[in-house]
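Below, read A as the first sequence line, B as the second, and so on, with proteins coming before strands; counting in each chain starts at 1.
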Protein chains: 2
Amino acid sequence: MSKITSSDVAKLAGVSQSAVSRVFSGASASKATQEKVRRAATELGYRPNVLARSLITGRSRIIGLVVAYLENPFYPDVLERMSKALQAEGYHTLIFMASWTSDVDRVLEELLDYQVDGIIAASVALSDGLIDRCRGAGIPIVLFNRGQEEGGLTQVTCANRAAGAAVAQHLMATGHEKIAHVSGWEGSMTGRDRAAGFAEALAADGRDLKVLPGDYDREKAAAAACELVDGGADAIFVGNDHMAFGVIDALRHERGIAVGKDVSVVGFDDVPMAAWPSYDLTTWQQPSGQMVEAAVDRMMALIEGDASPQRVEIEGRLIQRGSSRKET
Amino acid sequence: MSKITSSDVAKLAGVSQSAVSRVFSGASASKATQEKVRRAATELGYRPNVLARSLITGRSRIIGLVVAYLENPFYPDVLERMSKALQAEGYHTLIFMASWTSDVDRVLEELLDYQVDGIIAASVALSDGLIDRCRGAGIPIVLFNRGQEEGGLTQVTCANRAAGAAVAQHLMATGHEKIAHVSGWEGSMTGRDRAAGFAEALAADGRDLKVLPGDYDREKAAAAACELVDGGADAIFVGNDHMAFGVIDALRHERGIAVGKDVSVVGFDDVPMAAWPSYDLTTWQQPSGQMVEAAVDRMMALIEGDASPQRVEIEGRLIQRGSSRKET
DNA sequence: GCAATTTTTGCATACGTTTGCAAAATCACG
DNA sequence: CGTGATTTTGCAAACGTATGCAAAAATTGC
């Protein structure tokens with residue numbers, strides 16, 4: 001049973017505890033002591049206690065990552081990238097599942113108890129009270145793939161509005177007549193922006209648009225799509241890939257529709273599965289790598305203190321595949 | 001800028017700092033002080049500093065979760081459940097990505113630096129040195145969905161051998177002649193057990209078996225399956241669902257094979273996607289809920305100290321769907 | 001080889017809690 | 001109301017580290 005402390009190492013190395021601390025925290029120390037301390041440390045198997053260190057430095061090198069649901073494969077991908085990117089910066093990830101059932105606030109309070117150096121909220125809305133609290137405690141927040149009007153928070157998203165518009169342009173250019181939309185969740189700005197951009201572009205061409213809510217739910221989206229097609233739609237823009245797969249399955253297997261011929265389906269995200277031949281989904285690519293990079297970069301800047309809240313928008317691009325008609 | 005400590009609360013409440021501590025750590029305190037302290041605490045917005053508490057109690061209420069890759073949708077599901085289950089027990093999850101590129105050991109050392117109360121390793125092998133180290137430090141380890149001969153560790157897996165055998169029985173009973181297997185990774189006991197059980201059951205019936213390695217990689221598995229089918233196979237058992245989807249896609253779109261008629265494909269895991277009509281995959285169900293429950297339960301017992309290493313095997317069952325022939 | 005300067009070192013304190021101990025307060029009960 | 005038993009309370013010492021400060025050692029210039 002071991003609890004090796006810096007004092008133990010100090011004793012063995014014949015130096016003071018402070019010397020050991022200095023060697024491991026990278027402060028100045030002579031070659032001689034460096035050597036002695038390192039030797040003693042490896043002999044005893046000593047490693048500094050991060051918690052004790054945090055207590056005194058006031059920085060835990062822990063980032064709290066709040067994520068709502070991992071059913072949509074976009075988020076596991078983001079989680080993996082995020083965790084690795086933070087690891088590379090010497091930070092670690094304390095993860096919190098904020099299923100819309102449990103209230104986010106209580107969960108976030110617990111996060112704060114761990115003295116996290118920052119919070120990244122992926123696809124989760126934060127209450128104003130919480131935001132104030134974090135600001136008071138000097139804990140930076142970065143919103144990932146979710147915008148929020150209030151709070152003046154740093155946020156990293158795709159250029160959703162422009163993307164929605166671009167998808168609309170594409171569908172019009174490829175000769176679709178009755179264009180419809182299965183939207184995300186009304187409470188998410190991300191979803192609203194996509195829908196708004198899409199609607200604007202159609203309106204600019206004098207077309208009207210039928211929208212049904214999908215709420216990021218596969219089944220609900222599938223049902224909505226069926227209803228839209230029954231109403232004569234020949235193109236459906238779906239709020240994300242995860243729903244789009246459900247839509248394709250339903251159209252194909254419940255309605256017997258040839259997706260990509262009779263009806264075009266376009267998704268959003270470009271998760272790996274979108275490239276699989278069974279779906280071959282035309283979709284707007286959200287470059288998760290770039291987005292994660294930006295989020296981590298902003299977080300680091302905020303922690304260093306030399307940054308003010310900022311809205312980062314990553315472009316992305318349309319990936320044309322077989323689920324949508326190519327020619328007019 | 002706030003850093004409200006128990007002393008601040010004590011001052012406001014007119015009691016000693018220890019009194020505050022006692023109220024928040026659930027020790028005995030009179031109704032009167034309870035009241036005074038709580039009032040003062042909420043007024044100041046005080047919450048105990050978990051790190052400081054951990055330093056003295058020696059328990060961080062953090063569990064380190066090591067996970068290799070989230071590409072296989074089985075793991076996001078597990079991660080979500082695990083994190084929630086631990087949250088419910090008052091623990092939190094520090095996540096570590098151990099991509100086979102970065103060496104697991106270094107990553108785990110960092111985990112230990114955070115004084116985690118336990119480590120759950122999902123689908124990751126631990127070096128003997130690491131295991132000794134953890135045992136020395138009294139940190140319990142639970143292996144999830146991965147066995148390990150050595151080390152005498154607690155592990156939670158599916159009854160892989162029996163499951164493999166059952167799949168073989170099923171394929172024989174439904175009249176398949178040339179049965180083949182795309183295996184997982186040789187380095188994983190989980191994969192080896194499934195393959196072994198499968199092979200044994202076939203051998204018991206006097207049949208031989210062609211096996212090609214899939215290494216849990218979608219593309220590699222797809223190529224292997226094509227090769228097997230070219231060699232005349234009429235049934236393929238694939239080491240997990242994630243690979244099976246690749247296999248189905250390849251057979252269907254590259255070879256033009258009617259999966260479920262010409263060739264049967266059986267997977268392992270029963271991830272949600274397996275039920276989607278585009279794949280409709282016959283597969284062995286690993287009850288992730290039960291497995292997570294067992295893993296967390298074992299972990300709690302180990303932390304309490306009243307448990308010895310144990311191997312838990314969850315049964316699971318075959319889910320018959322359209323990717324395999326039903327009748328003989 | 002000596003004074004002036006720089007680097008290295010140890011001492012002591014602080015970080016925000018929990019907890020053993022003994023004193024103080026409260027309670028039960030004749 | 002007094003005595004003994006019980007509960008509540010404050011004091012002070014931990015937990016394992018970082019760091020300001022002053023003393024000691026090493027380095028430099030001449």
Practice item. Please work out if V50(B) contacts a base, only the sugar-phosphate, or nothing of the nucleic acid, heavy-atom cut-off 4.0 Å. Key: nothing
**Study point:** Between dC11(C) (C1') and Q17(A) (CD): distance, integer Å
**Key:** 11 Å
Practice item. Report yes if a side-chain nitrogen or oxygen of S30(B) is closer than 4.0 Å to either non-bridging phosphate oxygen (OP1 or OP2) of dT9(D); otherwise report no. Key: yes
Exercise for review: Would you mind classifying the nucleic acid contact of S21(B) as base, sugar-phosphate or nothing, using non-hydrogen atoms under 4.0 angstrom?
Suggested key: base
Review point. Between atom CD1 in I56(A) and atom P in dG16(D), what is the gap in whole Å?
Key: 14 Å
Practice item. Classify the nucleic acid contact of S54(B) as base, sugar-phosphate or nothing, counting any heavy atom under 4.0 Å across all strands shown. Key: nothing
Check your understanding: Is it the case that more than 12 heavy atoms not belonging to E110(B) sit under 6.0 Å from its CD atom?
Key -> yes
Practice item. Grab the NZ-P distance between K31(A) and dA26(D) for me, whole Å please. Key: 17 Å
Practice item. Answer yes or no: does atom CD of E186(A) have more than 12 heavy-atom neighbours from other residues, nucleotides or ligands under 6.0 Å? Key: no
Practice item. To the nearest Å, give me how far apart CZ (R22(B)) and C1' (dC21(C)) are. Key: 10 Å
Revision key, fill the gap. Whichever of A19(A) and G14(B) has the more 5' nearest nucleotide on DNA chain D, that residue is G14(B)
Revision key, fill the gap. Between OH of Y114(A) and P of dT17(C) the distance, given in whole Å, is 14 Å
Review point. Can you tell me if T154(B) and R298(B) form a side-chain donor-acceptor pair at under 3.5 Å?
Key: no
**Study point:** Any side-chain donor near an acceptor of the partner, S60(A) and Y114(A), under 3.5 Å
**Key:** no
Practice item. Send over the distance from I4(B) CD1 to dT17(C) C1', rounded to a whole Å. Key: 16 Å
Study note, to complete from the structure: side-chain contact (heavy atoms from CB on, under 4.5 Å) filter on S6(B), not counting sequence neighbours, yields Q17(B), V20(B), Y46(B)
Exercise for review: Please evaluate the base of dC11(D) for a donor-acceptor partner in the side chain of S18(B) within a cut-off of under 3.5 Å?
Suggested key: yes
Practice item. Give V20(A) one of three labels, base, sugar-phosphate or nothing, depending on what nucleic acid heavy atoms sit under 4.0 Å from its own. Key: nothing
Study note, to complete from the structure: Taking dA18(D), dT9(C), dT17(C) as options, the one with an atom nearest any side-chain atom of A29(A) is dT9(C)
Review point. Which of the following nucleotides, dG10(C), dA18(D), dG16(D), is nearest to the side chain of N49(A)?
Key: dG16(D)
Check your understanding: Heavy atoms under 4.0 Å, any strand shown: does S7(B) hit a base, just sugar-phosphate, or nothing?
Key -> nothing
Practice item. Starting from P on dG16(D), measure out to CG on L55(B) and report it in whole angstrom. Key: 7 Å
Review point. Is the phosphate of dG10(C), meaning OP1 or OP2, less than 4.0 Å from a side-chain N or O of S16(A)?
Key: yes
Practice item. Figure out the CD/C1' separation between Q115(B) and dT17(D), and round it to whole Å. Key: 11 Å
